[in-house]
Amino acid sequence: MSGRLADHTIEQNWQAYAEDEHAVWRLLFERQQKLLKRRACREYLDGLQQLGVAAHGIPDFRRLSDILDRATGWRIVPVPGLVPDEVFFAFLAARRFPSTCFIRRRDQLDYLQEPDVFHDIAGHVPMLMSPVFADYMQAYGEGGLKAVHLGHLNHLARLYWYTVEFGLIATDEGLRIYGSGILSSAGESVYCLKDSHPHRLRFDLRRVMRTQYHIDRYQETYFVIDDFAQLFAATRPDFAPIYREISVLPEISAEAILPEDRAYAGFVSGKKEGPRVSTARV
Ligand code: PHE
Ligand code: FE
């Protein structure tokens with residue numbers, strides 16, 4: 001790892017976790033296990049199992065990194081908290097996932113605005129076991145460095161938000177979760193699939209990049225991909241002309257619906273997609 005990146009890392013110091021910190025992990029993990037079995041995408045559930053991330057306690061990052069490295073060439077690097085944007089992107093571009101080490105307090109089980117070890121490890125890391133998603137995250141890191149240079153981080157950050165953190169995927173079994181912000185939230189993992197309030201729209205790169213988001217409440221809009229290959233293909237083109245194109249268009253508020261939006265309609269009489277409707281059921 002380059003010196004500049006290494007400067008932002010710490011030791012996980014796994015032996016130093018208190019028994020009560022492991023107990024908080026157990027509570028969170030057991031609760032999510034029950035919810036996610038039928039709600040998370042296959043890639044996530046497989047990754048979790050292959051990594052042996054489980055209820056017994058906060059995992060040792062070195063053990064996870066060895067498994068992850070063999071599978072997709074990613075490693076986890078322990079960091080104290082959010083790192084500067086460019087450092088974050090450089091880590092991803094080098095197939096390094098920066099993970100926080102601390103765990104939330106017992107009175108924060110339901111909600112925490114900043115990432116903690118449960119969000120980072122139980123939410124993000126299992127997805128990195130999927131080869132296509134692993135490549136997407138690296139490409140995102142490279143794209144991040146480029147977006148900073150071009151002054152379009154606002155547009156690129158929305159792509160991360162609506163895919164990596166809050167993405168949904170259409171499968172033969174129905175709508176499933178792949179976004180880590182949802183996977184680590186008991187409330188939102190139910191709300192995102194079942195609630196009639198939020199919009200569930202088919203993924204469209206330009207639409208996503210123009211859409212604002214709220215960081216302090218459940219999403220008003222989710223974007224649904226068909227599979228990870230679609231996401232990877234849609235994000236492969238050079239974004240520079242796309243940034244120029246969308247910067248003259250108005251931004252779209254988190255709750256807005258446009259005439260050209262395509263709703264995800266769930267199962268309708270055995271078909272994966274039915275007529276256009278503004279809200280969908282699983
Ligand atoms: N293709 C993007 C660009 O040129 C890079 C990117 C890939 C960004 C994947 C996000 C996700 O900037
Ligand atoms: Fe996150």
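First listed ligand is number 1; within each ligand, the first listed atom is number 1. Residues take their numbers from the sequence shown, with the count starting at 1.
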Under 4.0 Å from a heavy atom of [X]: give me the atoms of ligand 1 that qualify, with their elements.
X	value
D238	4 (O)
L159	10 (C)
Y136	11 (C)
R236	1 (N)
P237	1 (N), 2 (C), 3 (C), 4 (O)

Exercise. Do other residues, nucleotides or ligands put more than 12 heavy atoms under 6.0 Å from the CZ atom of R62?
Worked result: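 Result for CZ/R62: open.
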
Exercise. So with a 6.0 Å cut-off around CD1 of I215, is the heavy-atom count from everything else above 12?
Worked result: no

State whether the side chain of [X] and the backbone N or O of [Y] hold a donor-acceptor pair below 3.5 Å, judged by distance alone.
X	Y	answer
W161	Y213	no
R176	R38	yes
T100	P80	no
R200	C192	yes

For this session: Determine, using ring centers only, whether F97 and H124 are less than 6.0 Å apart.
Result: yes

Exercise. If you measure every N/O of G143 against every N/O of ligand 1, is any gap under 3.5 Å?
Worked result: no

Exercise. Hey, is ligand 1 close enough to A139 that some N/O pair sits below 3.5 Å?
Worked result: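 Between A139 and ligand 1 (N or O atoms, distance only) the closest approach is not under 3.5 Å.
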
Exercise. At a 4.0 Å cut-off, with the gap strictly under it, does some heavy atom of E142 reach an atom of ligand 1?
Worked result: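 Distance cut 4.0 Å: E142 fails for ligand 1.
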
For this session: Check each of D116, I121, N13, I10 against C101 using the side-chain contact (heavy atoms from CB on, under 4.5 Å) test, and report the only one that passes.
Result: I10

Seminar exercise, completed: Checking heavy-atom distances from atom 1 (N) of ligand 1 to each of L156, L205, T235, I242, the winner is T235

Exercise. Hey, looking at atom 4 (O) of ligand 1, which of M137, Q138, H155, K146 has the closest heavy atom?
Worked result: K146

Problem set entry | Nearest non-hydrogen protein atom, atom 10 (C) of ligand 1 | Y140 CD1, 3.5 Å

Exercise. Which heavy atom of the protein is the closest neighbour of atom 8 (C) of ligand 1, given with residue, atom name and distance?
Worked result: F239 CE2, 3.4 Å

For this session: Give the minimum heavy-atom separation between L183 and A40, together with the two atoms involved.
Result: CD2-CB, 3.8 Å

For this session: Would you name the heavy atoms of C41 and M127 that are closest together and state the gap between them?
Result: SG-SD, 4.1 Å

Exercise. Ligand 1 versus A240, non-hydrogen atoms closer than 4.0 Å: side chain, backbone, both, neither?
Worked result: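 Under 4.0 Å from ligand 1, A240 contributes no heavy atoms.
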
Exercise. Listing residue and atom name, which protein N/O/S atoms are closer to the Fe ion (ligand 2) than 2.8 Å?
Worked result: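 For the Fe ion (ligand 2), the protein N, O and S atoms that sit under 2.8 Å away are H119 NE2, H124 NE2, E165 OE2.
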
For this session: State, with a plain yes or no, whether a side-chain heavy atom of M137 is found less than 4.5 Å away from one of R95.
Result: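 Not touching, per the 4.5 Å side-chain cut-off.
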
For this session: Answer yes or no: is there an ion pair linking R26 with E19, defined by an N-O contact shorter than 4.0 Å?
Result: yes

